[in-house]
**Q** 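Got a structure for you, written out below as structure tokens; questions coming shortly.
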Amino acid sequence: MSYLPELFGSMVFNESVMKERLPKETFKALKKTIADGKTLDPNVANVVANAMKDWAIEKGVTHYTHWFQPMTGITAEKHDSFISPSADGHVIMEFSGKELVKGEPDASSFPSGGLRATFEARGYTAWDPTSYAFIKDGTLCIPTAFCSYTGEVLDKKTPLLRSMEVINQQALRILKLFGNDSVTRVVTTVGPEQEYFLVDKEVYDQRKDLIYTGRTLFGAKAPKGQELDDHYFGAIKPRVQAFMKDLNEELWKLGILAKTEHNEVAPAQHELAPIFTTTNIATDHNQLTMELMKKVAARHGMVCILHEKPFAGVNGSGKHNNWSISTSSGTNLLDPGDSPKENAQFLLFLTAVIKAVDEYQDLLRVSVASAANDHRLGANEAPPAIISIFLGDELTDILESIETDSAYSAKEKTELEIGVDVLPHFPKDTTDRNRTSPFAFTGNKFEFRMLGSTLSIAGPNIVLNTIVAEELRQFADQLEGAEDFNAALGELIRKAIKEHKRIIFNGDGYSDTWKEEAAKRGLLNLTSTPDALPYFISKKNIELFTHHKIFTEEEMHSRYEILLENYCKVLNIEALTMLDMIKKEILPAVCAYQKELSDTIAGKKAVSSSLDCSVEETLLQKIASLSACLYKKSQALEGLLLKVKDYDSMQECANFYRHSVFATMQEARAVADELEMLTAQTYWPFPTYGDLLFSVR
Ligand code: ADP
Ligand code: MG
């Protein structure tokens, strides 16, 4: 593919384009702004804007937009054209530094959780020069942060950038202690593996539940599911192959490092993994990847389903967040390295992550909570809802020997002295295939596996960056004053392992014995979103985020409200869709089928009373009673939805949706699925699981 190097990043105003098109001084000034995270000088902004505009116009672009990530979890844009009237009745194409740096979208319709009264609807977007501008659908997109005029943060990008800054500062303190004075910046890196389903558009279009809710609310199991494991890594079908080729090209044009693609476990399920990059860019890229998956699928007559659990009975979709910490020159700080010094430093960073995950299990759980992800976590396929860390046996043994001051290997009988000895070699990837762990060390990075497939990766990474920064801060505070650095380091690591080893678990996360064991260890098991969300605003977590200036207390309360409200709305839409499908599609269909059955019986009886009508009669009996039952369930569901307004607090409302509305929906579904199995194919009103899962051939 000789065209690839030219294609890659061709729609991105990246560093090489900047270098080529900006005057030397401007380029230098911009790079410095990016490196220091400072605001851009207006004169520099004007020159950059003009160069960006010329570059974009050469590529046929007429509009620009500030591209931002509000609390909806998806991206938002508002397009403006470059045109500006000239005195002679023509137009000229203009784009000023002011327009590049700041935008003013009406903020009133974005979720704010009560932060802004609607009369103060104004918000503004500000260019984030650490993420490159790019061209999408003929529009120049400028990645921005989104705030209200009174200063509250209304998006996911701003706290993410703040959390990166915080971990940068604390990690640099640690590196200094190890004598690494030359490192000027530490970043976190992420490679998110994205799962998705592809179904044929014609089949999809006949399912209101998929259209309105993204998942099937009904559907009896198809005769074949994923039991043969014949889809996982199987040969990719030509239609899917064509989609992937197209998608890759679109992603490459945007400088997105799409790398690995394969079939996943469930029929019609696939995965795409990019090469990792810095967390803020990985976040932008993942949002774009999801958007492009949908667009490109449409071009191929398919629909890309990103919902966490589109089909009951087969695996849902997740997003593995591979996360590490690295110096700006590319040294991975979660890589053990080869020298005693590197090993000691690695152990300190590793310990910080272990302590962070144990102390902030609740926050990690909250960061992946959503109505859709509730179908996965703890439901025997994805990781359990209990947070634990998988380290592998070798590394666990090493930590144990450090904790107990005992020999690591029975053979060698040597004790490990931190900072003096080299760690015994432990093979990467030996047991990394423990797929049941929610948070696994995979040799030189951690893989956080609880994320749902639609989730913006910003939230989990804000939490990861901040909690690890907090532990690094505590460690640096202790070590900076130490007289004997190595002794203090050893003591600190030993103490942290002792206090937090309960979070380490290398066994089968799906087993019931683990649930019991985890409860004994005092680990949290938050099985649903309404159970998890209140932890976000606990005193401990408010202290964490306000101390590091990631969120204010008000912003945290507002985010908690937004998440709860979203949960309630999602369940309400699902319940209404379910009622609609029962009343307008399922009941009319089964009534028609019952009529045919009773007509047949009457017809037979008219011919001769001795004709056997047992099949029709049995079916009719069963269908009649199941239909009555389904009708009752639908009435019960309607009744529950009327009760929602009795609750004053959003939390109570969410609990009610979880415990009453959702439970009744499950019951109604079970009855409908039984009806599906009994009803003639020609009468059933929408495509079945078999039709959907095997629709792309
Ligand atoms: P697998 O999980 O299939 O073994 P890899 O471990 O090679 O595959 O990578 C999985 C994902 O982890 C990829 O997206 C990859 O880019 C990402 N990754 C690898 N190294 C790092 C790192 N240091 N930081 C963040 N992500 C990483
Ligand atoms: Mg992986």
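Start at 1 and go down the list; that is how both ligands and their atoms are numbered.
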**Q** Could you list the atoms of ligand 1 found under 4.0 angstrom from a heavy atom of Pro274?
**A** 13 (C), 14 (O), 15 (C), 16 (O)

**Q** Do side-chain atoms of Trp514 reach the backbone of Gly507 as a donor and acceptor pair under 3.5 angstrom?
**A** no

**Q** Please could you name the atoms of ligand 1 that Glu193 approaches to less than 4.0 Å, counting only its heavy atoms?
**A** 2 (O), 10 (C), 11 (C)

**Q** With respect to atom 17 (C) of ligand 1, which of Asn321, Thr278, Asn322, Thr279 exhibits the smallest heavy-atom separation?
**A** Asn322

**Q** Would you check the N or O atoms of Ala273, main chain and side chain alike, for any that come under 3.5 Å of an N or O of ligand 1?
**A** no

**Q** Got a donor-acceptor contact below 3.5 angstrom from the Lys309 side chain to the Val314 backbone?
**A** yes

**Q** Do Leu455 and Asn373 have side chains that approach each other closer than 4.5 Å (heavy atoms only, starting at C-beta)?
**A** no

**Q** Polar-atom distance check: Trp323 versus ligand 1, any N or O pair below 3.5 Å?
**A** no

**Q** So do the side chains of Thr289 and Leu247 get within less than 4.5 Å of each other, counting heavy atoms only?
**A** no

**Q** For the pair Glu308 and Arg376, find out whether any cationic side-chain nitrogen is under 4.0 Å from an anionic carboxylate oxygen.
**A** no

**Q** Output the list of atoms in ligand 1 that are nearer than 4.0 Å to some heavy atom of Ser324, sorted by atom number.
**A** 22 (C), 23 (N), 24 (N)

**Q** Donor-acceptor pair, distance only, cut-off 3.5 Å: does the side chain of Asn541 make one with the backbone of Tyr535?
**A** yes

**Q** Give yes if a backbone or side-chain nitrogen or oxygen of Thr189 is under 3.5 Å from a nitrogen or oxygen of ligand 1, and no if not.
**A** yes

**Q** So, is Val190 polar-close to ligand 1, with some N/O to N/O distance under 3.5 Å?
**A** no

**Q** Any idea which atoms of ligand 1 are less than 4.0 Å away from a heavy-atom of Asn332?
**A** 23 (N)

**Q** Considering only heavy atoms of Gly191, which atoms of ligand 1 have at least one such atom less than 4.0 Å away?
**A** 14 (O), 25 (C), 26 (N)

**Q** Would you call the rings of His270 and Tyr196 parallel, tilted or perpendicular, where under 30° means parallel and over 60° means perpendicular?
**A** tilted

**Q** Strictly below 4.0 Å, N to O, side chains only: are Arg299 and Glu250 in salt-bridge contact?
**A** yes

**Q** With atoms numbered from 1 as shown, which atoms in ligand 1 lie under 4.0 angstrom from a non-hydrogen atom of Ile275?
**A** 16 (O)

